[in-house]
Amino acid sequence: MPSLSRTCTLLFSLLAFTLACRIPSAYAKAAGTAAEFNAAPASAFVKSLPSEGVTLVSTAAGSIKGIPGTVNPLLLAIDLSTFIFTLKHCSQLELHVHTNGIEYNYIVSGSGSFSLWSSNGSIVHLKTTLHPGDVVIIPAGWPHMFSGPENFPEPLVMEVTFTSANPQTYFVAGAGSFLSVSPGYVMASEFNATVAQYETFFGLAKSGGIVFNETCVATSRT
Ligand SMILES: *[C@@H]1O[C@H](CO)[C@@H](O)[C@H](O)[C@H]1NC(C)=O
Ligand SMILES: *[C@@H]1O[C@H](CO)[C@@H](O)[C@H](O)[C@H]1NC(C)=O
Ligand SMILES: *[C@@H]1O[C@H](CO)[C@@H](O)[C@H](O)[C@H]1NC(C)=O
């Protein structure tokens, strides 16, 4: 998608880098023990995401603050991480996938939309609208993307929890060139699909399956 906002490309590629590089996967754990909970400091039980979250990304397009498992011993013990995403007017959190956890996403304020594909592309929800109070459930391995508000200035704010202390994030279409240089068999393996399924799936994305509001996207480009 050459029309994607360059700001967002940088924004969320940086997140992928940050998550992939800063948090050793050896830290991820399957379950907590009573001893781990007893040992945790009182301050670990209540955290403010906006004020205590680690800023991963902050650009003109939006921001991501989070408390991953390595930052909070309780989240590490129960193998969860939690983030607050802010997507400003006309910005895009481009197509990506989390392979090692479910995403559970609560819309705090603002408006926007999400698009979701099943892991083999057979189920597609394009630009489903989001309102405060909505919960979005994204299965592991299902590609998805979010769009900020197109018609209102108030940003989309989402509290996002992953069932992984170390959520792995792969961006699949953002740079455009990434698709053309990645062999089909590599990406097919990523999505546990056949090469034919993969090519059908991304043929859809490439040829307009994702409907961008070009006017809106243009205003967020930097
Ligand atoms: C895709 O997966 C769904 C279940 O998630 C299945 O019903 C469908 O047959 C699959 N389609 C292909 C082409 O494999
Ligand atoms: C991959 O797909 C095959 C067949 O479609 C299925 O049996 C298997 O469980 C899938 N593996 C994962 C990790 O989803
Ligand atoms: C596209 O975005 C523009 C600019 O924000 C907005 O005015 C317009 O209503 C949007 N179009 C649709 C179809 O939502």
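Every number for a ligand or one of its atoms is a count from 1 in the order of the listing. Keep in mind that what you see is a predicted model, and the values were worked out from it rather than measured.
- Taking atom 9 (O) of ligand 3 as the reference point, the nearest protein heavy-atom neighbour is Asn151 OD1, 2.6 Å.
- A distance of 5.5 Å separates CZ in Phe152 from OG in Ser111, rounded to the nearest 0.5 Å.
- In summary, the atoms of ligand 3 found under 4.0 Å from a heavy atom of His89, numbered by their order in the structure, are 5 (O).
- Aromatic pair Phe83/Phe162: centroids less than 6.0 angstrom apart.
- Scanning the protein heavy atoms around atom 11 (N) of ligand 3, the nearest turns out to be Asn213 ND2, 2.8 Å.
- Remark: the backbone N or O of Ile102 is paired with a side-chain donor or acceptor of Thr163 at under 3.5 angstrom.
- With hydrogens left out, the protein atom closest to atom 5 (O) of ligand 3 is Glu150 O, 2.4 Å, a heavy atom.
- In summary, Lys88 and Glu154 do not engage in a salt bridge, as defined by a charged side-chain N under 4.0 Å from a carboxylate O.
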